[in-house]
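One-based numbering, in listed order, for ligands and for the atoms of each. Please read all numbers here as calculations on a predicted model, not as lab measurements.
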Amino acid sequence: MDALTVRARELAAAGRLPAYVYGLAALDAHAAAVRAALPGVELYYAAKANPDPELLRVLARHVDGVEVASGGELEHVRGVLPSARIAFGGPGKTDDELRLALDHGVERLHVESPNELRRLIATGREADVLLRANLALSLGDVALAMGGGATPFGMDPAGVEECLALLDRQDAVRLRGVHAHLASGLDAPRMLEVADGVLGYARGLGLTEINLGGGMAVDYADPGAVFDWETYGKGLAGLRRPGETLRVEPGRSVSVYCGRYVTRVLDVKRVHGELFAIVAGGTHHIRTPATKGHDQPMVIAEEGEPVTIVGQLCTPKDTLARRVPAALATGDLVQFLMAGAYAWNISHHDFLMHPHPEFSYV
Ligand SMILES: *Cc1c(COP(=O)(O)O)cnc(C)c1O
């Protein structure tokens with residue numbers, strides 16, 4: 001039996017479910033493998049995927065820095081990892097957040113618009129920036145598109161030109177390069193095509209520091225199909241020219257596998273012919289299946305008649321997985337997989353005022 005299942009059973013026996021169980025040893029090994037697959041490329045972790053302090057401390061052993069997307073994340077990450085290099089991105093930064101970033105000495109600010117750059121320049125402070133470019137590269141069928149067309153993220157080439165003109169007229173804000181985070185859910189060959197396009201654009205502007213973003217694919221329908229970091233790393237090594245700094249900032253693909261959401265069955269019933277298992281907790285603890293419209297993968301201890309697994313909320317959206325071929329009875333342990341990213345931290349915790357889950361680390 002694996003260490004996370006052992007812990008899940010202990011928590012069940014102690015009446016401490018629902019719980020998030022994180023495999024820190026597994027995270028450590030996975031992050032080491034990702035790091036090793038990307039020689040010569042800087043690796044940042046996108047904290048918004050999961051900013052849990054225990055995870056951040058493990059990841060800090062392997063990453064070159066952390067990408068944050070708000071003043072709140074910035075202060076949180078600084079508190080947990082006082083000496084980490086930090087990149088601060090995200091649309092809609094307030095003046096207070098810009099000042100906070102400068103006070104904390106962030107390594108890089110990712111500029112999202114000409115107006116944001118004007119406000120940064122108006123502080124009169126020194127800063128090192130990347131311009132976030134939204135290039136019209138063909139992305140195809142991806143999980144989430146942040147670029148490649150009209151979106152509120154970053155700037156099209158005209159916006160970048162406007163920024164270059166603003167930067168030319170002063171010298172407190174230093175232009176370091178280009179940032180591009182165009183899509184989420186790309187496999188390694190597609191990520192490399194996008195990287196090639198972004199690098200071509202940066203080179204055209206004479207810039208040598210390029211942050212290629214995150215968005216490496218994970219497959220909730222196939223927990224074993226991990227992003228091909230080896231192919232990606234080799235490809236990037238082939239694309240990189242001497243003197244260029246390449247950086248990536250994945251989130252989901254780094255932390256998703258290390259977490260499980262563990263709960264127990266409260267009731268099983270048949271309604272109009274369909275079998276339902278109601279578990280303690282629900283999408284107010286793990287909103288991922290509701291947001292992404294998928295079935296959260298789970299450990300199937302014993303095969304059985306297809307059963308739809310729902311939580312305790314009074315809404316049909318509180319569905320965790322549909323028609324899972326698992327034999328479930330009242331009191332059984334249920335372990336949802338791939339709950340280490342965009343799970344607890346994106347959920348509406350207080351809807352219906354159920355208790356929060358436990359957090360446990362292995
Ligand atoms: C969310 C985000 C990331 C991380 O994306 P993943 O899909 O979790 O890898 C990286 N960079 C930026 C700018 C982001 O907004």
Q: Please say which of Arg247, Arg174, Arg176, Arg240 ends up in a salt bridge (Lys or Arg N to Asp or Glu O under 4.0 Å) with Glu209.
A: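 Of the listed residues Arg247, Arg174, Arg176, Arg240, the salt bridge (Lys or Arg N to Asp or Glu O under 4.0 Å) partner of Glu209 is Arg247.
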Q. To which protein heavy atom is atom 5 (O) of ligand 1 closest, and what is the distance rounded to 0.1 Å?
A.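 Of every protein heavy atom, His181 CE1, 3.4 Å lies nearest to atom 5 (O) of ligand 1.
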Q. Who's the nearest protein heavy-atom neighbour of atom 4 (C) of ligand 1, and how far?
A.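 The protein heavy atom lying closest is Ala46 CB, 3.5 Å.
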Those atoms of ligand 1 less than 4.0 Å from some heavy atom in [X]:
X      : answer
Glu67  : 12 (C), 13 (C)
Tyr342 : 1 (C), 4 (C), 5 (O), 6 (P), 8 (O)
Arg252 : 6 (P), 8 (O), 9 (O)
Gly214 : 9 (O), 10 (C)
Gly251 : 4 (C), 6 (P), 8 (O), 9 (O)

Q.
Is there a polar contact between ligand 1 and Pro250, counting only N or O atoms under 3.5 Å apart?
A.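 No, Pro250 has no N/O under 3.5 Å of an N/O on ligand 1.
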Q) Do any nitrogen or oxygen atoms of Ser253 come within less than 3.5 Å of a nitrogen or oxygen of ligand 1? A)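 The answer is no, given that Ser253 and ligand 1 share no N or O pair closer than 3.5 Å.
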Q | Row check, Phe88 ring normal vs Lys93 NZ/CZ: under 6.0 Å, within 45° | A |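 Yes - Lys93 lies over the ring of Phe88, closer than 6.0 Å to its centre and within 45° of its axis.
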Q: Going by the side chain to side chain donor-acceptor pair (under 3.5 Å) test, name the single residue among Thr288, Asp318, Thr319 that passes it with Thr283.
A: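 Looking at Thr288, Asp318, Thr319, the match for Thr283 under the side chain to side chain donor-acceptor pair (under 3.5 Å) is Asp318.
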(Q) Please determine whether side-chain hydrogen bond (donor to acceptor under 3.5 Å, both in side chains) holds for the pair His272 and Glu274, giving the CA-CA distance in whole Å, both sets of side-chain angles, and the decisive distance to 0.1 Å. (A) CA-CA 6 Å; His272 290 296; Glu274 180 100 17; over 6 Å; no
From [X] atom [atom1] to [Y] atom [atom2], the distance as rounded to the nearest 0.5 Å:
X      : Y      : atom1 : atom2 : answer
Glu249 : Leu212 : CD    : CG    : 9.0 Å
Glu116 : Leu98  : CD    : CG    : 5.5 Å
Leu182 : Met191 : CG    : CE    : 9.0 Å

Q) Taking atom 14 (C) of ligand 1 as the point of reference, which of Glu112, His179, Lys48, Glu249 owns the nearest heavy atom? A)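 Heavy atom nearest to atom 14 (C) of ligand 1 belongs to Lys48.
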Q. Has Gly215 got any heavy atom lying under 4.0 angstrom from an atom of ligand 1?
A.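 Yes, Gly215 has heavy atoms under 4.0 Å from ligand 1.
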**Q.** ligand 1 contact on His110 by region, counting heavy-atom pairs under 4.0 Å
**A.**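 Neither part.
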Q: Salt-bridge test for Asp64 and Arg35: reply yes if a basic N is under 4.0 Å from a carboxylate O, no otherwise.
A: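 Counted as a salt bridge, because a side-chain N and a carboxylate O are separated by less than 4.0 Å.
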